[in-house]
Amino acid sequence: MSFSKLGLCDPILNALTELAYNEPSAIQKKAIPVVLSGKDLIASAQTGTGKTASFVLPILQKLSAEHNQHTLRGKRIRALILVPTRELAVQVEASIGQYGKNLELSSMAMYGGIDSQPQKQRLIWGIDIIVATPGRLLDMAHQRALHFDELEVLVLDEADRMLDMGFIEDINKIIERLPKQRQNLLFSATISDDVRSLARRTITDPVEITIAQNSASKPKIEQWLITVDKGNKSALLSHLIKEQQWQQALIFIETKHGAAKLVSQLEKRGIVAESIHGGRTQEVREQILKDFKLGKIKFLVATGIAARGLDIGELDRVVNYDLPDKVDDYIHRIGRTGRAGASGEAISFVAKDNFRNLCAIETRLGHVIKRKELEEFPVKKVVPISILNFVPKNKRV
Ligand code: AMP
């Protein structure tokens with residue numbers, strides 16, 4: 001079967017020929033006709049199945065067909081694709097650029113962690129398709145930098161991952177702002193109960209498509225925490241590295257001083273590590289990061305500030321040696337793990353002093369994080385069991 005049988009127009013077919021896409025993949029064969037028909041869709045499909053093209057191609061086709069009769073007003077968008085991470089936003093937007101190169105549609109990736117001004121500037125004239133992470137999108141809507149009254153299509157991509165990462169509240173708030181009349185498409189590696197409940201609230205009478213699971217390519221983040229007395233953290237980290245034979249880890253720590261100290265504590269136990277923190281130049285940080293990505297450096301200790309703005313990519317394992325104060329930082333850090341084809345781990349060291357932070361993080365995630373205990377590291381200052389609907393004192397009414 002060829003792409004032309006699916007009813008795609010010549011400018012799109014030509015772009016696909018150039019990319020040497022000869023035949024649609026299974027998900028594309030099933031999803032493209034449904035999306036073109038205007039129906040809602042729930043598809044269980046993973047990265048690597050060609051799922052991006054399965055929604056991007058028909059969206060391009062539909063938006064370009066209406067393009068001549070449609071003048072986009074300022075700060076308006078016509079299609080919104082919500083994704084869990086900045087990397088995925090960039091990747092999906094690049095695909096839109098490739099598949100739509102012969103069309104006159106505009107697109108933009110929008111994510112947090114960078115200055116929002118250029119993104120606002122680009123929104124002024126309106127944009128056909130936005131690929132965004134939920135937090136930044138909501139920020140922009142609050143600031144009235146974009147309006148949804150002309151939105152036609154909503155895509156929730158990697159819905160399970162967005163829920164794992166605690167984006168449910170942001171997603172709900174975004175959906176409340178959208179016009180009732182719209183097309184909804186939901187893609188998820190697994191259709192868990194949580195995904196189903198999100199779908200029920202968002203999507204009307206959808207067509208369901210399942211593409212056979214290939215468990216090897218399932219991105220999965222396993223989050224767990226270990227309670228520990230403050231003074232035992234570096235011994236615990238060394239123990240885990242050796243005992244579990246870690247090959248690599250990005251270790252987040254609060255202070256520059258703490259980073260340097262931890263590197264020397266690890267070295268005393270025979271573990272070679274490097275650090276990036278605010279005291280090192282951007283150039284040195286970039287170089288260390290490059291070596292880390294190449295595997296020349298196995299263990300990298302980073303302060304949150306030093307890691308901000310650096311392209312860290314996706315990793316097998318991140319460790320919150322110090323639990324971050326901000327819930328957003330936690331979400332951002334765990335989003336570094338769980339790349340396609342491998343499972344990722346996000347491990348947090350939690351001392352009694354971190355209890356309030358822990359409650360805030362778990363409240364946002366909507367579930368408690370699995371706890372592990374090690375006999376070798378008994379805890380003197382016990383961390384209480386979490387309260388899920390925790391409200392910080394200063395926000396109590
Ligand atoms: P995705 O599952 O969307 O992340 O896509 C996985 C990879 O498959 C991407 O690199 C796409 O460029 C590629 N791809 C998607 N559809 C096709 C196709 N029909 N033929 C060949 N390659 C494809």
Side-chain angles (χ1 to χ4, degrees), residues 47-48 84-88 90-91 113 161 164-165 215-226 228 233-254 256 258-277 280 282-324 329-350 369-370 372 374 377:
T47 306
T85 62
R86 157 191 183 145
E87 288 76 19
L88 191 60
V90 170
Q91 202 179 309
R161 228 173 150 207
D164 274 353
M165 290 171 66
S215 58
S217 66
K218 184 174 152 199
K220 188 169 166 10
I221 313 163
E222 200 199 340
Q223 298 174 60
W224 53 277
L225 65 81
I226 192 154
V228 59
K233 285 189 188 179
S234 78
L236 172 63
L237 180 63
S238 313
H239 176 86
L240 288 172
I241 290 175
K242 288 183 179 165
E243 201 63 17
Q244 304 191 349
Q245 300 179 2
W246 290 359
Q247 290 311 307
Q248 243 197 347
L250 176 63
I251 300 146
F252 284 104
I253 196 162
E254 214 48 55
K256 165 166 107 177
K261 189 167 151 201
L262 179 58
V263 168
S264 81
Q265 283 168 326
L266 290 173
E267 258 157 29
K268 277 190 199 129
R269 298 190 178 95
I271 298 162
V272 182
E274 255 296 354
S275 67
I276 50 172
H277 50 69
R280 309 195 104 159
Q282 177 80 6
E283 217 178 354
V284 172
R285 281 188 264 163
E286 296 278 2
Q287 184 56 48
I288 291 177
L289 203 65
K290 216 164 154 193
D291 290 345
F292 180 63
K293 283 185 188 167
L294 289 171
K296 287 191 201 163
I297 294 172
K298 290 168 71 177
F299 301 103
L300 181 59
V301 181
T303 59
I305 293 165
R308 208 161 287 160
L310 292 178
D311 171 24
I312 290 182
E314 296 189 5
L315 304 160
D316 295 346
R317 179 177 298 102
V318 299
V319 178
N320 287 309
Y321 187 86
D322 291 327
L323 202 65
D329 287 344
Y330 180 86
I331 303 284
H332 190 240
R333 289 177 193 178
I334 67 166
R336 308 274 118 209
T337 70
R339 114 193 98 178
S343 59
E345 246 188 337
I347 303 154
S348 299
F349 288 6
V350 181
I369 301 169
K370 193 165 63 187
K372 286 192 187 171
L374 287 186
F377 292 87

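Below, all heavy atoms of this structure are taken into account, side chains as well, without hydrogens, waters or symmetry copies.
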Show every donor-acceptor pair shorter than 3.5 Å between a side-chain atom in residues 260-269 and any protein atom, with sequence neighbours excluded, or say none if there are none.
{"residue": "Ser264", "atom": "OG", "partner": "Lys261", "partner atom": "O", "Å": "3.1"}
{"residue": "Arg269", "atom": "NH1", "partner": "Ser234", "partner atom": "OG", "Å": "3.2"}
{"residue": "Arg269", "atom": "NH1", "partner": "Ser238", "partner atom": "OG", "Å": "3.4"}

- Please report the C-alpha distance between Asn320 and Val350 in whole Å, then the side-chain angles of each, then the deciding distance to 0.1 Å, and finally whether the side chain to side chain contact (heavy atoms under 4.5 Å, CB included) criterion is met. CA-CA 9 Å; Asn320 287 309; Val350 181; over 6 Å; no
- Item | Derivation of the side chain to side chain contact (heavy atoms under 4.5 Å, CB included) call for Phe349 and Ile251 | CA-CA 11 Å; Phe349 288 6; Ile251 300 146; over 6 Å; no
- Message: One pair to check against side chain to side chain contact (heavy atoms under 4.5 Å, CB included): Leu250 and Arg333. What are the steps and the verdict?
- Response: CA-CA 10 Å; Leu250 176 63; Arg333 289 177 193 178; over 6 Å; no
- Message: Pair Lys370, Gln223 - check side chain to side chain contact (heavy atoms under 4.5 Å, CB included), show working.
- Response: CA-CA 7 Å; Lys370 193 165 63 187; Gln223 298 174 60; over 6 Å; no
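For the pair Glu254 and Thr303, the tightest heavy-atom approach, listed with the atom from each and the gap, is O-CG2, 3.9 Å. Scanning both residues, Ala249 and Val319, for their nearest heavy atoms gives CB-CG2, 4.4 Å. Contact between Phe299 and Trp246 at its shortest, heavy atoms only, is CZ-O, 3.5 Å.
With rounding to the nearest 0.5 angstrom, the CG atom of Leu300 is 11.5 Å from the CZ atom of Arg285. Remark: Tyr321 OH to Ser348 OG distance equals 13.5 Å, nearest 0.5 Å. Atoms CD and CD, on Glu243 and Gln245 in that order, are 8.5 Å from each other to the nearest 0.5 Å. The line from OG1 of Thr85 to CD of Glu87 is 5.0 Å long, rounded to the nearest 0.5 Å. Atom CG in Leu323 sits 10.5 Å away from atom CG in Asp329 (nearest 0.5 Å).
Between Lys298 and Ile271 there is no side-chain heavy-atom pair separated by less than 4.5 Å. Looking at heavy atoms from C-beta onward, Ile334 lies in side-chain contact with Met165 at the 4.5 angstrom threshold.
Taking the six-membered ring where tryptophan is involved, the planes of Phe377 and His239 are perpendicular, since the angle between them exceeds 60° and thus also 30°.
Counting only N and O atoms by type, the side chains of Gln282 and Glu286 include a donor and acceptor under 3.5 Å apart.
A donor-acceptor pair is defined here as one N or O able to donate and one able to accept, closer than 3.5 Å; such a pair exists between the side chain of Gln248 and the backbone of Phe292. Distance alone, capped at 3.5 Å, is enough to place a donor-acceptor pair between the Arg280 side chain and the Ser275 backbone.
In this structure, Lys290 places its NZ atom where only 12 or fewer heavy-atom neighbours from other residues, nucleotides or ligands lie under 6.0 Å away.
Remark: Tyr330 engages no residue in a ring pair (Phe, Tyr, Trp, His ring centres under 6.0 Å) (not counting sequence neighbours).
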